[in-house]
Amino acid sequence: MSLYGTRKPREISRGSRRCIVFLRRVCVCLYFVARPFVFYENFSPISCIILNFAGTEVRQTVSMDEEERTAYIQRLKAAVHYTTGLICRQMEEEKEVQFTRQTIAAIAETAFKQCEIFAEDLELFSRHAKRSTVNVDDVKITVRRSKPLCDFICQKSEELAAGQQEKKEKKKKTTGKGKKRKVHIESDVSESEDSNML
Amino acid sequence: MEEKATSATFKKETVQRLMSLHFKDEKTKVSNDALILISELLKLFIMEAAARSAKQAKTEENELVSIDHFEKILPQLYLTPSYTFIVRASLIYDGVFDQKKI
(Lines give C-alpha, C1' and ligand atoms only; values in the text may rest on other atoms or scores of the structure.)
Protein backbone atom coordinates (compact mmCIF):
# COMPACT_ATOMS: atom_id res chain seq x y z
CA MET A 1 0.00 0.00 0.00
CA SER A 2 1.43 3.33 -0.93
CA LEU A 3 1.51 6.14 1.56
CA TYR A 4 -0.39 8.51 -0.70
CA GLY A 5 -3.45 6.39 -1.16
CA THR A 6 -4.71 4.46 -4.13
CA ARG A 7 -4.73 7.40 -6.50
CA LYS A 8 -2.33 7.34 -9.45
CA PRO A 9 0.20 10.20 -9.27
CA ARG A 10 -0.74 11.71 -12.63
CA GLU A 11 -4.46 11.62 -12.13
CA ILE A 12 -5.87 15.14 -11.81
CA SER A 13 -9.46 15.97 -11.08
CA ARG A 14 -11.59 17.64 -13.69
CA GLY A 15 -11.90 20.84 -11.67
CA SER A 16 -8.20 21.34 -11.25
CA ARG A 17 -7.62 20.49 -14.91
CA ARG A 18 -10.00 23.26 -15.88
CA CYS A 19 -8.12 25.63 -13.59
CA ILE A 20 -4.85 24.76 -15.22
CA VAL A 21 -6.29 25.23 -18.71
CA PHE A 22 -7.75 28.57 -17.66
CA LEU A 23 -4.45 29.73 -16.20
CA ARG A 24 -2.62 28.67 -19.31
CA ARG A 25 -5.02 30.69 -21.46
CA VAL A 26 -4.60 33.72 -19.20
CA CYS A 27 -0.84 33.45 -19.51
CA VAL A 28 -1.01 33.18 -23.30
CA CYS A 29 -3.29 36.22 -23.43
CA LEU A 30 -0.98 38.14 -21.16
CA TYR A 31 1.96 37.13 -23.29
CA PHE A 32 0.48 38.70 -26.37
CA VAL A 33 -1.29 41.62 -24.71
CA ALA A 34 1.14 42.71 -22.02
CA ARG A 35 4.33 42.21 -23.99
CA PRO A 36 4.14 45.46 -25.99
CA PHE A 37 3.65 47.49 -22.83
CA VAL A 38 6.89 48.88 -21.63
CA PHE A 39 6.04 50.49 -18.33
CA TYR A 40 6.91 47.67 -16.04
CA GLU A 41 7.64 49.63 -12.94
CA ASN A 42 4.07 50.26 -11.92
CA PHE A 43 3.04 46.61 -11.83
CA SER A 44 2.35 45.01 -8.48
CA PRO A 45 4.47 42.04 -7.41
CA ILE A 46 1.65 39.56 -8.04
CA SER A 47 1.15 40.72 -11.59
CA CYS A 48 4.91 40.60 -12.09
CA ILE A 49 4.90 36.96 -11.05
CA ILE A 50 2.02 36.20 -13.42
CA LEU A 51 3.78 38.04 -16.25
CA ASN A 52 6.97 36.17 -15.53
CA PHE A 53 5.03 32.95 -15.71
CA ALA A 54 3.59 34.07 -19.04
CA GLY A 55 7.05 34.57 -20.44
CA THR A 56 7.32 38.35 -20.46
CA GLU A 57 10.43 39.77 -18.96
CA VAL A 58 9.63 42.11 -16.11
CA ARG A 59 12.29 44.70 -15.49
CA GLN A 60 11.82 46.77 -12.37
CA THR A 61 14.73 49.16 -12.81
CA VAL A 62 14.08 50.84 -16.19
CA SER A 63 10.77 52.39 -17.06
CA MET A 64 11.43 52.34 -20.80
CA ASP A 65 12.80 49.85 -23.24
CA GLU A 66 16.54 50.35 -23.83
CA GLU A 67 16.09 51.17 -27.50
CA GLU A 68 13.30 53.62 -26.79
CA ARG A 69 15.39 55.29 -24.13
CA THR A 70 18.34 55.81 -26.45
CA ALA A 71 16.02 57.14 -29.16
CA TYR A 72 14.47 59.53 -26.62
CA ILE A 73 17.89 60.75 -25.53
CA GLN A 74 18.87 61.26 -29.17
CA ARG A 75 15.79 63.41 -29.75
CA LEU A 76 16.56 65.51 -26.67
CA LYS A 77 20.17 65.94 -27.71
CA ALA A 78 18.99 67.08 -31.15
CA ALA A 79 16.74 69.69 -29.52
CA VAL A 80 19.64 70.95 -27.40
CA HIS A 81 21.87 70.98 -30.47
CA TYR A 82 19.35 73.10 -32.38
CA THR A 83 19.12 75.77 -29.67
CA THR A 84 22.91 75.70 -29.21
CA GLY A 85 23.26 76.33 -32.93
CA LEU A 86 20.97 79.36 -32.70
CA ILE A 87 22.88 80.78 -29.74
CA CYS A 88 26.23 80.20 -31.49
CA ARG A 89 24.95 81.94 -34.62
CA GLN A 90 24.16 84.99 -32.50
CA MET A 91 27.63 84.78 -30.95
CA GLU A 92 29.15 84.66 -34.42
CA GLU A 93 27.55 87.97 -35.29
CA GLU A 94 28.64 89.55 -32.01
CA LYS A 95 32.24 88.37 -31.95
CA GLU A 96 32.74 88.30 -35.72
CA VAL A 97 34.01 84.73 -35.74
CA GLN A 98 32.88 81.52 -37.36
CA PHE A 99 31.98 78.38 -35.40
CA THR A 100 32.66 75.00 -36.92
CA ARG A 101 30.01 72.31 -36.79
CA GLN A 102 32.11 70.14 -34.52
CA THR A 103 32.46 73.00 -32.04
CA ILE A 104 28.71 73.56 -31.92
CA ALA A 105 28.17 69.82 -31.50
CA ALA A 106 30.75 69.70 -28.71
CA ILE A 107 29.15 72.65 -26.92
CA ALA A 108 25.73 71.01 -27.23
CA GLU A 109 27.05 67.74 -25.82
CA THR A 110 28.69 69.59 -22.91
CA ALA A 111 25.45 71.45 -22.21
CA PHE A 112 23.59 68.15 -22.17
CA LYS A 113 26.05 66.76 -19.61
CA GLN A 114 25.69 69.95 -17.59
CA CYS A 115 21.93 69.34 -17.48
CA GLU A 116 22.57 66.06 -15.73
CA ILE A 117 24.66 67.81 -13.07
CA PHE A 118 21.97 70.50 -12.62
CA ALA A 119 19.19 67.94 -12.37
CA GLU A 120 21.05 65.89 -9.79
CA ASP A 121 21.76 68.92 -7.62
CA LEU A 122 18.25 70.30 -7.94
CA GLU A 123 16.67 67.00 -7.03
CA LEU A 124 18.91 66.63 -3.99
CA PHE A 125 18.12 70.12 -2.76
CA SER A 126 14.38 69.73 -3.20
CA ARG A 127 14.52 66.33 -1.50
CA HIS A 128 16.43 67.86 1.40
CA ALA A 129 13.65 70.41 1.78
CA LYS A 130 11.16 67.51 1.76
CA ARG A 131 9.55 68.69 -1.45
CA SER A 132 8.81 66.77 -4.62
CA THR A 133 8.77 69.89 -6.80
CA VAL A 134 11.94 71.75 -7.67
CA ASN A 135 11.64 75.38 -6.62
CA VAL A 136 13.26 78.70 -7.49
CA ASP A 137 15.12 78.46 -4.15
CA ASP A 138 16.71 75.18 -5.26
CA VAL A 139 17.97 76.87 -8.42
CA LYS A 140 19.39 79.73 -6.34
CA ILE A 141 21.31 77.34 -4.09
CA THR A 142 22.70 75.51 -7.15
CA VAL A 143 24.31 78.70 -8.44
CA ARG A 144 25.44 80.07 -5.08
CA ARG A 145 29.15 79.49 -5.88
CA SER A 146 29.42 82.15 -8.55
CA LYS A 147 28.48 85.58 -7.19
CA PRO A 148 27.57 87.32 -10.49
CA LEU A 149 25.57 84.32 -11.64
CA CYS A 150 23.80 84.15 -8.30
CA ASP A 151 22.93 87.85 -8.51
CA PHE A 152 21.69 87.42 -12.06
CA ILE A 153 19.45 84.50 -11.09
CA CYS A 154 18.12 86.33 -8.03
CA GLN A 155 17.33 89.32 -10.17
CA LYS A 156 15.52 87.15 -12.72
CA SER A 157 13.51 85.43 -10.00
CA GLU A 158 12.50 88.83 -8.60
CA GLU A 159 11.37 89.89 -12.07
CA LEU A 160 9.32 86.71 -12.39
CA ALA A 161 7.78 87.23 -8.96
CA ALA A 162 6.99 90.86 -9.81
CA GLY A 163 5.41 89.74 -13.09
CA GLN A 164 3.22 87.24 -11.28
CA GLN A 165 2.24 89.79 -8.67
CA GLU A 166 1.22 92.22 -11.34
CA LYS A 167 -0.86 89.53 -13.05
CA LYS A 168 -2.71 88.87 -9.82
CA GLU A 169 -3.38 92.54 -9.34
CA LYS A 170 -4.59 92.83 -12.89
CA LYS A 171 -7.13 90.12 -12.28
CA LYS A 172 -8.42 91.88 -9.20
CA LYS A 173 -8.59 95.41 -10.57
CA THR A 174 -10.31 96.66 -13.73
CA THR A 175 -8.34 96.78 -16.99
CA GLY A 176 -7.83 100.52 -16.93
CA LYS A 177 -6.28 100.65 -13.51
CA GLY A 178 -4.24 97.52 -14.24
CA LYS A 179 -2.42 99.16 -17.17
CA LYS A 180 -1.35 102.13 -15.05
CA ARG A 181 0.11 99.79 -12.44
CA LYS A 182 1.98 97.78 -15.08
CA VAL A 183 3.84 100.84 -16.37
CA HIS A 184 4.68 101.84 -12.80
CA ILE A 185 6.06 98.39 -11.91
CA GLU A 186 8.15 98.13 -15.10
CA SER A 187 9.89 101.40 -14.35
CA ASP A 188 10.59 100.15 -10.80
CA VAL A 189 12.10 96.92 -12.12
CA SER A 190 14.45 98.70 -14.54
CA GLU A 191 15.61 101.03 -11.76
CA SER A 192 16.30 98.09 -9.44
CA GLU A 193 18.37 96.41 -12.20
CA ASP A 194 20.65 99.43 -12.36
CA SER A 195 21.10 99.60 -8.62
CA ASN A 196 21.86 95.84 -8.33
CA MET A 197 24.58 95.62 -10.93
CA LEU A 198 26.42 98.86 -10.24
CA MET B 1 19.25 94.90 -30.00
CA GLU B 2 17.79 93.51 -26.79
CA GLU B 3 15.66 91.07 -28.68
CA LYS B 4 18.64 89.87 -30.70
CA ALA B 5 20.55 88.87 -27.59
CA THR B 6 17.71 86.97 -25.99
CA SER B 7 15.81 85.49 -28.92
CA ALA B 8 17.25 81.97 -28.77
CA THR B 9 16.00 80.23 -25.62
CA PHE B 10 15.18 76.69 -24.66
CA LYS B 11 11.58 75.59 -24.85
CA LYS B 12 10.03 74.87 -21.49
CA GLU B 13 9.06 71.37 -22.55
CA THR B 14 12.62 70.54 -23.61
CA VAL B 15 14.02 71.68 -20.28
CA GLN B 16 11.27 69.79 -18.43
CA ARG B 17 12.13 66.58 -20.29
CA LEU B 18 15.87 67.11 -19.82
CA MET B 19 15.42 67.43 -16.08
CA SER B 20 13.01 64.50 -15.79
CA LEU B 21 15.44 62.30 -17.71
CA HIS B 22 18.10 62.71 -15.04
CA PHE B 23 15.90 62.71 -11.95
CA LYS B 24 16.34 59.56 -9.89
CA ASP B 25 12.78 59.74 -8.59
CA GLU B 26 10.12 59.92 -11.26
CA LYS B 27 7.78 61.88 -9.01
CA THR B 28 10.08 64.92 -8.92
CA LYS B 29 8.64 67.84 -10.88
CA VAL B 30 9.91 71.31 -11.70
CA SER B 31 7.95 74.49 -11.01
CA ASN B 32 7.25 76.91 -13.84
CA ASP B 33 9.50 79.67 -12.54
CA ALA B 34 12.31 77.22 -11.89
CA LEU B 35 11.99 76.00 -15.50
CA ILE B 36 12.45 79.54 -16.80
CA LEU B 37 15.51 80.01 -14.58
CA ILE B 38 17.05 76.69 -15.61
CA SER B 39 16.61 77.53 -19.29
CA GLU B 40 18.32 80.86 -18.59
CA LEU B 41 21.16 79.03 -16.83
CA LEU B 42 21.63 76.65 -19.74
CA LYS B 43 21.60 79.52 -22.20
CA LEU B 44 24.23 81.34 -20.12
CA PHE B 45 26.36 78.22 -19.99
CA ILE B 46 26.31 77.85 -23.75
CA MET B 47 26.94 81.56 -24.28
CA GLU B 48 29.87 81.41 -21.85
CA ALA B 49 31.38 78.40 -23.61
CA ALA B 50 30.92 79.99 -27.04
CA ALA B 51 32.28 83.38 -25.96
CA ARG B 52 35.35 81.87 -24.28
CA SER B 53 36.06 79.70 -27.35
CA ALA B 54 35.71 82.76 -29.58
CA LYS B 55 38.10 84.71 -27.37
CA GLN B 56 40.59 81.83 -27.45
CA ALA B 57 40.38 81.73 -31.24
CA LYS B 58 40.92 85.48 -31.44
CA THR B 59 44.02 85.32 -29.24
CA GLU B 60 45.37 82.69 -31.64
CA GLU B 61 44.50 85.10 -34.47
CA ASN B 62 42.08 82.68 -36.01
CA GLU B 63 38.62 83.65 -37.28
CA LEU B 64 37.42 80.06 -37.33
CA VAL B 65 36.56 78.67 -33.91
CA SER B 66 37.57 75.02 -34.05
CA ILE B 67 37.14 72.27 -31.51
CA ASP B 68 40.73 72.79 -30.27
CA HIS B 69 39.80 76.23 -28.97
CA PHE B 70 36.79 74.77 -27.20
CA GLU B 71 38.91 72.00 -25.65
CA LYS B 72 41.36 74.57 -24.33
CA ILE B 73 38.72 76.58 -22.48
CA LEU B 74 36.82 73.55 -21.21
CA PRO B 75 38.80 72.92 -17.98
CA GLN B 76 38.52 76.53 -16.89
CA LEU B 77 34.83 76.55 -17.72
CA TYR B 78 34.27 73.73 -15.27
CA LEU B 79 36.74 74.69 -12.59
CA THR B 80 35.83 78.35 -12.26
CA PRO B 81 32.17 78.76 -13.08
CA SER B 82 32.32 82.50 -12.86
CA TYR B 83 30.02 83.72 -15.51
CA THR B 84 31.25 87.28 -15.07
CA PHE B 85 32.36 87.44 -18.67
CA ILE B 86 28.97 86.72 -20.16
CA VAL B 87 26.85 88.38 -17.53
CA ARG B 88 28.67 91.65 -18.05
CA ALA B 89 28.57 91.25 -21.80
CA SER B 90 24.84 90.62 -21.82
CA LEU B 91 24.25 93.63 -19.60
CA ILE B 92 26.32 95.85 -21.87
CA TYR B 93 24.20 94.58 -24.71
CA ASP B 94 21.03 95.45 -22.88
CA GLY B 95 22.33 98.94 -22.32
CA VAL B 96 21.97 98.70 -18.56
CA PHE B 97 25.67 98.74 -17.83
CA ASP B 98 27.58 101.87 -18.76
CA GLN B 99 30.65 100.75 -20.65
CA LYS B 100 32.91 103.36 -19.04
CA LYS B 101 32.24 102.00 -15.59
CA ILE B 102 33.62 98.51 -16.31
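Just so it is clear: chains get the letters A, B, ... in the order the sequence lines come, proteins before strands, and each one is counted from 1. All values reported here derive from a predicted model rather than from experimental measurement.
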Between [X] and [Y], what is the shortest heavy-atom contact and its length?
| X | Y | value |
| --- | --- | --- |
| A:Leu160 | B:Asp33 | CD1-O, 3.9 Å |
| A:Met91 | B:Ala50 | CG-CB, 3.7 Å |
| A:Ala119 | B:Phe23 | O-CE2, 3.3 Å |
| B:Ala34 | A:Val136 | N-CG2, 3.9 Å |
| B:Leu21 | A:Arg69 | O-NH2, 4.0 Å |
| B:Phe10 | A:Val80 | CE2-CA, 4.0 Å |

More than 12 heavy atoms of other residues, nucleotides or ligands under 6.0 Å from [atom1] of [X]: is that the case?
| X | atom1 | value |
| --- | --- | --- |
| B:Glu60 | CD | yes |
| A:Tyr82 | OH | no |
| A:Arg25 | CZ | no |

Subject >> Most chain A-contacting option - heavy-atom pairs closer than 4.5 Å, from B:Glu71, B:His69, B:Lys27, B:Lys24 >> reply: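 Option with the top pair count is B:Lys24.
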[X], part contacting chain B, at a heavy-atom distance under 4.5 Å:
| X | result |
| --- | --- |
| A:Glu92 | neither |
| A:Val143 | side chain |
| A:Ser157 | both |
| A:Thr142 | neither |

[X] [atom1] to [Y] [atom2] distance, which is reported to the nearest 0.5 Å:
| X | Y | atom1 | atom2 | answer |
| --- | --- | --- | --- | --- |
| A:Thr100 | B:Phe70 | OG1 | CZ | 10.5 Å |
| A:Arg131 | B:Lys29 | CZ | NZ | 13.0 Å |
| B:His22 | A:Phe112 | NE2 | CZ | 4.5 Å |
| B:Arg17 | A:Ile73 | CZ | CD1 | 13.0 Å |
| A:Gln90 | B:Ile46 | CD | CD1 | 11.0 Å |
| A:Lys95 | B:Lys58 | NZ | NZ | 7.5 Å |

In the single-linkage hydrophobic clustering (I, L, V, M, F, W, Y; side-chain heavy atoms under 4.5 Å), do [X] and [Y] co-cluster?
| X | Y | result |
| --- | --- | --- |
| B:Leu44 | A:Ile141 | no |
| A:Leu124 | B:Val30 | no |
| B:Leu77 | A:Phe152 | yes |
| B:Leu74 | B:Leu64 | no |

I'd like to check [X] versus [Y] (side-chain heavy atoms, cut-off strictly below 4.5 Å). Are they in contact?
| X | Y | result |
| --- | --- | --- |
| A:Leu122 | B:Ile38 | yes |
| A:Arg127 | B:Asp25 | yes |
| B:Thr9 | A:Thr83 | no |
| B:Phe45 | A:Ile107 | no |
| B:Leu18 | A:Phe118 | no |

Original post:
Does the A:Thr103 side chain pair with the main chain of B:Val65, one donor and one acceptor, at a distance under 3.5 Å?
Top reply: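 Yes; judged by distance alone, with no hydrogens or angles, the pair exists.
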Original post:
Between the side chain of B:Ser31 and the main-chain N/O of A:Val134, is any donor-acceptor distance below 3.5 Å?
Top reply: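 Checked: pair present.
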Top residue by heavy-atom pair count (under 4.5 Å) with chain B, among [options]?
| options | answer |
| --- | --- |
| A:Thr84, A:Thr110, A:Ile104, A:Asp138 | A:Thr110 |
| A:Cys150, A:Ser132, A:Ala106, A:Ala161 | A:Ser132 |
| A:Asn135, A:Ile87, A:Val139 | A:Ile87 |
| A:Asp137, A:Ile153, A:Leu86, A:Thr133 | A:Thr133 |

